[in-house]
Asks: 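This is the structure, below, for whatever I ask next.
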Number of protein chains: 2
Amino acid sequence: MRVLVVEDDEDLRIAVSAGLRSAALAVDSAGDIATADEALFVNSYDCVVFDRMLPDGDSVGYVRTRRREGWAVPVLFLTARDTLADRVEGFEHGGDDYLVKPFAVAELTARVLSLCRRAGTGRPPVLRYDDVELDTGRREVRRAGVLLTLTAKEFSVLEYLISRAEQVVSRTDLIEHCWDSAADPMSNVVDVTIKRLRTKLRRPELVHAVRGQGYRLVRTAE
Amino acid sequence: MRVLVVEDDEDLRIAVSAGLRSAALAVDSAGDIATADEALFVNSYDCVVFDRMLPDGDSVGYVRTRRREGWAVPVLFLTARDTLADRVEGFEHGGDDYLVKPFAVAELTARVLSLCRRAGTGRPPVLRYDDVELDTGRREVRRAGVLLTLTAKEFSVLEYLISRAEQVVSRTDLIEHCWDSAADPMSNVVDVTIKRLRTKLRRPELVHAVRGQGYRLVRTAE
DNA sequence: CCTCACGTGTCATCGAAATGTCATCGTCGC
DNA sequence: GCGACGATGACATTTCGATGACACGTGAGG
């Protein structure tokens, strides 16, 4: 799960990013609409957190424009109390949410996670593949009923793999969805993470390497 | 994102193309099915906008034919109100959409973007030829239902052959599509790969050599 | 403030699998 | 039967994933 945070106040941006990261999300951030627009163009995000007022304009207007083009990524707006009134403008449509400043980072995190989940349009909160169960809400993984302790990255990678069950997922896909833009696409982080995941799953064949293409989950009946 | 617009009315074609370009899409256009077919052959598009009636035929028929070959690019049809009735023919299947003339360009743009996105999320296509099934998402190939383990090159070559089913494909074509530019066009890599592919398919006659021309898939009516 | 545990990323190495090269053989069309 | 071209098997090379060791940063707790 990858999130973009757009907020001009640097302290707040850092705090929010840190909070989201601790929930196993990959976070990029921007300080204004122009930078955000660029990031949105280059990467794909599961959710965007927009401060309402930014140095180069009102983010609601920006989002509304993008929506007309068919853009559908869920957005959470951060509003100052005095701008609260015009929330009825309807920007909470399209599965969006808002939060009034000041707010608890934990609260924001919960909402962002909920938005990400909702984006999967009816995607069940507990993903399953073979004897693996991944509870997106509790952030728990069980294999054959046994609870495993996965790290944030491992969880995130497994979640993505399950959501694309049986399909081949390239390293690039994984880097784009589970790491933020600071990640080096040339390194073998993905390999290493997969290896650690395999070890913890205690069933290495489950995550199958497709030479030159990436990885895919396979039922081990083969 | 790259889109092909097929429309015989030049004014409309220009208007539509301009609208789509303003949404940051790369747009090519054609005035009839023949030209469109050529463009589709040469390039790959994320979406195609087809006028329903074209000087050289009904585009629905064309699309249906291509679909049978496993072609899966999403299509949006532009229909005149009086042909609307037969939309129930079912051409909106396979992730397709239609729009009744006259329409707002903004509306069209939104739908095209939505189709492009959906294409990304939807299941990747399964190509078929005779008793050979090639699942591009899982990177699996089955013959007569039996799962085969092909290498990346073999897969890529087979994919290309199926996408050009029954057509003669020259070695040069194959080198250009399945190898990177470092490949030596004088070597016999292609021959060797074809040989390995034949062996794994356990039905050598399927990939038929056309002396001096290249290779083609043939149904073994023998 | 120090230390320790943990998450995460980097690197070097190893070995298997994939790919390419080459020499030789077979066969198709004239 | 001849010659060109494709088929084939053996062998060489390259590529890529797996793996273990290690490095760095951070946060909790003493």
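So you know, we letter chains A, B, ... as the sequences are listed, proteins then strands, and number each from 1. Since the model is a prediction, treat every value here as computed from it, not as a measurement.
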Asks: Quick check: closest heavy atoms across Arg164(A) and Val169(A), and the distance to 0.1 Å?
Replies: CB-CG2, 3.8 Å
Asks: In the 5'-to-3' direction, what one-character label does each nucleotide of nucleotides 4-9 of chain C receive under the scheme B = base within less than 4.0 Å of a protein heavy atom, S = sugar-phosphate only, - = no such atom?
Replies: ---SBB
Asks: In plain terms, say whether Glu133(B) and Arg142(B) are close enough for a salt bridge, that is, a side-chain N and a carboxylate O under 4.0 Å apart.
Replies: no
Asks: Counting side-chain heavy atoms from CB outward, which of dG3(D), dG20(D), dA7(D) is closest to Arg211(B)?
Replies: dG3(D)
Asks: Whole-Å distance between dC11(C) P and Met186(A) CE?
Replies: 12 Å
Asks: Whole Å only: how far is the NE2 atom of His208(A) from the C1' atom of dG17(D)?
Replies: 11 Å
Asks: When the distance from CD1 of Ile194(B) to P of dT19(C) is rounded to whole Å, what number comes out?
Replies: 14 Å
Asks: Just verifying a value: how many Å separate Trp179(B) CH2 and Ser187(B) OG, rounded to the nearest 0.5 Å?
Replies: 8.5 Å
Asks: Within the 4.5 Å heavy-atom criterion, are Leu4(B) and Val6(B) side-chain neighbours or not?
Replies: yes
Asks: Using a heavy-atom cut-off of under 4.0 Å over every strand shown, decide if Arg21(A) touches base, sugar-phosphate, or nothing.
Replies: nothing
Asks: Would you compute the distance between atom CD of Glu166(A) and atom CG of Asp130(A) and round it to the nearest 0.5 angstrom?
Replies: 9.0 Å
Asks: Arg2(A): which residues meet the salt bridge (charged side-chain N to carboxylate O under 4.0 Å, His left out) condition with it, sequence neighbours left out?
Replies: Asp28(A)
Asks: If you check the Asn188(A) side chain, which of dT10(C), dA7(D), dG17(D) turns out closest?
Replies: dT10(C)
Asks: What is the nucleic acid contact for Tyr215(A), judged by heavy atoms within less than 4.0 Å: base, sugar-phosphate only, or nothing?
Replies: sugar-phosphate
Asks: What is the separation between atom CZ on Phe155(B) and atom P on dA18(C), rounded to the nearest whole Å?
Replies: 14 Å
Asks: Please name the pair of heavy atoms, one in Asp131(B) and one in Arg203(B), separated by the smallest distance, quoted to 0.1 Å.
Replies: OD1-NH1, 2.8 Å
Asks: Does Arg198(B) contact dA7(D) through a side-chain donor or acceptor facing the base, at a distance under 3.5 Å?
Replies: no
Asks: In whole Å, I'd like the distance from the CG atom of Asp191(B) to the C1' atom of dC25(C).
Replies: 14 Å
Asks: Counting the atoms with a prime plus P, OP1 and OP2 as sugar-phosphate, which does Asp184(B) contact under 4.0 Å by heavy atoms, base, sugar-phosphate, or nothing?
Replies: nothing
